[in-house]
Engineer: 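Take a look at the following structure, please.
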2 protein chains.
Amino acid sequence: MPSDRSRRRIPDATVARLPVYLRILTEQAEEGVDSMSSDRLAELAGVNAAKVRKDLSYLGSYGTRGVGYEVAYLVYQIRRELGLTRDWPVVIVGAGNLGQALAGYGGFGERGFPVAGVVDIDPGKVGSVLAGVRVRHIDELPSIVQAKRVSIGVIATPSLAAQDAADHLVAAGVTSILNFAPVVLTVPRSVEVRKVDLAVELQILCYHEQRRGGGLHAVTTRSATA
Amino acid sequence: MPSDRSRRRIPDATVARLPVYLRILTEQAEEGVDSMSSDRLAELAGVNAAKVRKDLSYLGSYGTRGVGYEVAYLVYQIRRELGLTRDWPVVIVGAGNLGQALAGYGGFGERGFPVAGVVDIDPGKVGSVLAGVRVRHIDELPSIVQAKRVSIGVIATPSLAAQDAADHLVAAGVTSILNFAPVVLTVPRSVEVRKVDLAVELQILCYHEQRRGGGLHAVTTRSATA
DNA sequence: AGGCATTCGTGCACACGTTCACAAAGCAGG
DNA sequence: CCTGCTTTGTGAACGTGTGCACGAATGCCT
Ligand SMILES: NC(=O)c1ccc[n+]([C@@H]2O[C@H](COP(=O)([O-])OP(=O)(O)OC[C@H]3O[C@@H](n4cnc5c(N)ncnc54)[C@H](O)[C@@H]3O)[C@@H](O)[C@H]2O)c1
Ligand SMILES: NC(=O)c1ccc[n+]([C@@H]2O[C@H](COP(=O)([O-])OP(=O)(O)OC[C@H]3O[C@@H](n4cnc5c(N)ncnc54)[C@H](O)[C@@H]3O)[C@@H](O)[C@H]2O)c1
């Protein structure tokens, strides 16, 4: 009963690692590798081998003892579990600095996330074309979402406008949001939000940085690099 | 003995939330709020109130029972603990799509992370100026790092070049790296790496998206969007 | 001054995540 | 077929993170 397995909930921590395994396995497949041990995959992914096996075990028992995992099959299973067997078009809200970089980034389309549209509120930006995509007015959001069956929205507006952007996305029917603005969004519980906050990342880095060098040897450390 | 408190290790999960509290508290301070309860802060940060109190308790007992926390003082304490009492200049490696967006983003400088330099390997990009910063050749990395006392590097190169970029950063003396390329970097254990991987974020979103719609009502849901 | 309402700080129990360690399962080679 | 080697899959122990619940402290009001 394999469908039983696919109903089982996968731990968040595992879901966050599956994409990493997937990328590595895909790369390896392209290089002609067709079988791989959990040890090797763990090494490439920078994690513990037992963790890899436990993670993969949530997908089912697709390994062969004494041998390892068949790369192609694993790729298929992970893609299936993550829902990557079809494209997920995304809309980008905010055609500024970041929005343009995102729209112009080919990596999304390649990975199954084609840009279904870019919208902005600024009439000066609406109509301009970036990376082959014409920027449209935010009022067109609902029709884009419906026409292209979009369920994922990306917010790349200034912080102050992010909640407004989220409201528009939710109203248009989007149910998942990736937010680049450094604010906490309020959305219905049925909508999932993930945040990418660069300032937070940098601040975490510098906490450790400060902690390391912040001891008695701060000055010494600095001059040692010379 | 307050310095005793500052030596205590703060849990990773807490370190990751402190920047969020900090931003909220800073904003509130600007709006004239000078005292705040854990309940209110929790609401604004979208977390549990007990968690807020426990997080803040790692900094010391800076709250007043029956009243709350003095915003300005808390801001100071968090900044001190995170090591934000001084600027942390960063170097950006890779002046492409993303590197330009990052360099042009004012938010970094404002938050204490001035761009000390942008380097690239492409002679066609070296010398060009973006957002007031001249792009320099990657060979100049060591001198930039030393001259500006940089300990944080940002990698915004294509995946294939990311390890090379990391090697250059490490060789130049950088000890913390924020990596935007979707690869696992190999660095000495003394160097801390954090990764921002947009594709992973999107894939996590679509796992839940698929799971939600993937139940018994998959087809219904699909056609209902029409 | 005393009582009351409020809010912090934290002990405790529980959930989640990680790692070890090992039996079970497979392959290869004689 | 049997032995030995490899590698999976998972139980169990441990560590980390979360949230409740409540005592302790504080301010305010009478
Ligand atoms: N640029 C970066 O490298 C970078 C880095 C980290 C974080 N961010 C965050 O990403 C967000 C965008 O940054 P940016 O540099 O692209 O800003 P930006 O100012 O260049 O672009 C913002 C765009 O959003 C549009 N906009 C404003 N209000 C809108 C609304 N209500 N609806 C739709 N569109 C609206 C503006 O017209 C503008 O085109 C910010 O929140 C920023 O903090 C950016
Ligand atoms: N653009 C985006 O929105 C976006 C989104 C998600 C992830 N990313 C990731 O960010 C990275 C950069 O993306 P991009 O769109 O800016 O790419 P890009 O191709 O536009 O820019 C890459 C830059 O790096 C430089 N470079 C190449 N090799 C180098 C080396 N060895 N040392 C120094 N510089 C080198 C190139 O000359 C180029 O200027 C990629 O790994 C990509 O996967 C980008």
Side-chain angles (χ1 to χ4, degrees), chain A residues 1-2 4-6 8-21 25 28 33-74 77-78 81 200 204 207-208, chain B residues 1-2 4-6 8-21 25 28 33-74 77-78 81 200 204 207-208:
Chain A
M1 207 182 288
D4 178 52
R5 180 67 75 162
S6 66
R8 174 118 79 260
R9 202 188 133 269
I10 297 181
D12 287 348
T14 296
V15 172
R17 280 187 296 266
L18 287 178
V20 178
Y21 302 151
L25 290 165
Q28 293 291 306
V33 178
D34 49 34
S35 177
M36 218 174 168
S37 70
S38 61
D39 253 309
R40 176 75 178 127
L41 180 50
E43 186 190 332
L44 294 174
V47 302
N48 183 292
K51 202 185 287 187
V52 168
R53 289 199 295 277
K54 189 152 281 191
D55 285 342
L56 296 181
S57 78
Y58 291 111
L59 307 177
S61 292
Y62 297 134
T64 306
R65 295 171 188 221
V67 178
Y69 299 87
E70 195 199 327
V71 173
Y73 192 54
L74 211 46
Q77 287 299 340
I78 296 179
E81 192 64 42
V200 169
I204 292 172
Y207 165 76
H208 292 107
Chain B
M1 207 180 285
D4 178 52
R5 180 67 76 162
S6 66
R8 174 117 79 259
R9 201 187 134 271
I10 297 181
D12 287 349
T14 296
V15 172
R17 280 187 296 267
L18 287 178
V20 178
Y21 302 151
L25 289 165
Q28 293 291 308
V33 177
D34 48 35
S35 177
M36 219 172 167
S37 71
S38 60
D39 255 308
R40 177 74 180 129
L41 180 51
E43 187 191 332
L44 295 174
V47 302
N48 183 293
K51 203 185 286 186
V52 168
R53 290 198 295 276
K54 190 156 284 188
D55 284 342
L56 296 181
S57 77
Y58 290 111
L59 308 176
S61 294
Y62 297 133
T64 306
R65 295 171 188 219
V67 177
Y69 299 87
E70 193 198 328
V71 174
Y73 192 56
L74 211 46
Q77 287 299 340
I78 296 179
E81 193 64 41
V200 169
I204 293 173
Y207 165 76
H208 295 291

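Letters A, B, ... mirror the listed sequences (proteins, then strands); counts begin at 1. For the numbers below, each heavy atom of this structure counts, side chains included, while hydrogens, waters and symmetry mates do not.
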Engineer: Can you check the B/R9 CZ to D/dG15 C1' distance for me, whole Å?
Structural biologist: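 B/R9 atom CZ is separated from D/dG15 atom C1' by 11 Å.
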Engineer: Picking from C/dG17, D/dA25, C/dT10, which would you name as closest to the side chain of A/A13?
Structural biologist: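 The closest nucleotide is C/dG17.
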Engineer: Whole Å only: how far is the CZ atom of A/R53 from the C1' atom of C/dT18?
Structural biologist: 13 Å
Engineer: Decide yes or no for B/V52 and B/Y21: does some side-chain heavy atom of the first lie under 4.5 Å from some side-chain heavy atom of the second?
Structural biologist: yes
Engineer: By nearest heavy atom, map A/D12 and B/S37 onto DNA chain C; which one lands nearer the 5' end?
Structural biologist: B/S37
Engineer: Is there a side-chain contact between B/S38 and the phosphate of C/dT7, meaning an N or O under 4.0 Å from OP1 or OP2?
Structural biologist: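 Looking at the OP1 and OP2 atoms of C/dT7, neither is under 4.0 Å from any side-chain N or O of B/S38.
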Engineer: Nearest 0.5 Å please: distance from the NZ atom of A/K54 over to the OG atom of A/S38.
Structural biologist: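 It comes to 13.0 Å.
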Engineer: State, yes or no, whether a side-chain contact exists between A/L44 and A/Q28 at a heavy-atom distance under 4.5 Å.
Structural biologist: yes
Engineer: The side chain of B/T64 is closest to which nucleotide in this list: D/dT26, C/dT10, C/dC27?
Structural biologist: D/dT26
Engineer: Report the distance from atom CZ of B/R17 to atom NZ of B/K51, rounding to the nearest 0.5 Å.
Structural biologist: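 Result: 5.0 Å between the selected atoms.
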Engineer: Heavy atoms from C-beta onward define the side chain here; which of C/dT10, D/dA12, C/dG17 lies closest to that of A/K54?
Structural biologist: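 The answer is D/dA12.
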Engineer: Ignoring hydrogens, what is the shortest heavy-atom contact between B/V71 and B/L25? Give both atom names and the distance.
Structural biologist: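 Heavy atoms only, the tightest pair is CG1-O, 3.4 Å.
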Engineer: Indicate whether OP1 or OP2 belonging to C/dT18 is found under 4.0 Å from a side-chain N or O atom of A/R17.
Structural biologist: yes
Engineer: For the side chain of A/A50, starting at C-beta, report the closest nucleotide among D/dG9, C/dT10, C/dT19.
Structural biologist: C/dT19
Engineer: Would you say A/Y69 reaches D/dG9's phosphate, i.e. side-chain N/O to OP1/OP2 under 4.0 Å?
Structural biologist: yes
Engineer: Mind calculating the distance between OH (A/Y58) and P (D/dG11) to the nearest angstrom?
Structural biologist: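 My rounded result for the distance is 11 Å.
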Engineer: Expressed in angstrom and rounded to an integer, what is the separation of B/L56 atom CG from C/dT7 atom P?
Structural biologist: 15 Å
Engineer: Could you check B/N48 against A/M36 and say which one's nearest nucleotide on DNA chain D is further toward the 5' end?
Structural biologist: A/M36
Engineer: Consider the side chain of A/K51, meaning its heavy atoms from C-beta on, and name the nucleotide among D/dT18, C/dT7, C/dT18 that approaches it most closely.
Structural biologist: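 Shortest atom-to-atom distance from the side chain points to C/dT18.
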Engineer: Start at the 5' end of DNA chain C and walk down; is the nucleotide closest to A/D55 or to A/G66 reached first?
Structural biologist: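 Checking each residue's closest nucleotide, the 5'-ward one belongs to A/D55.
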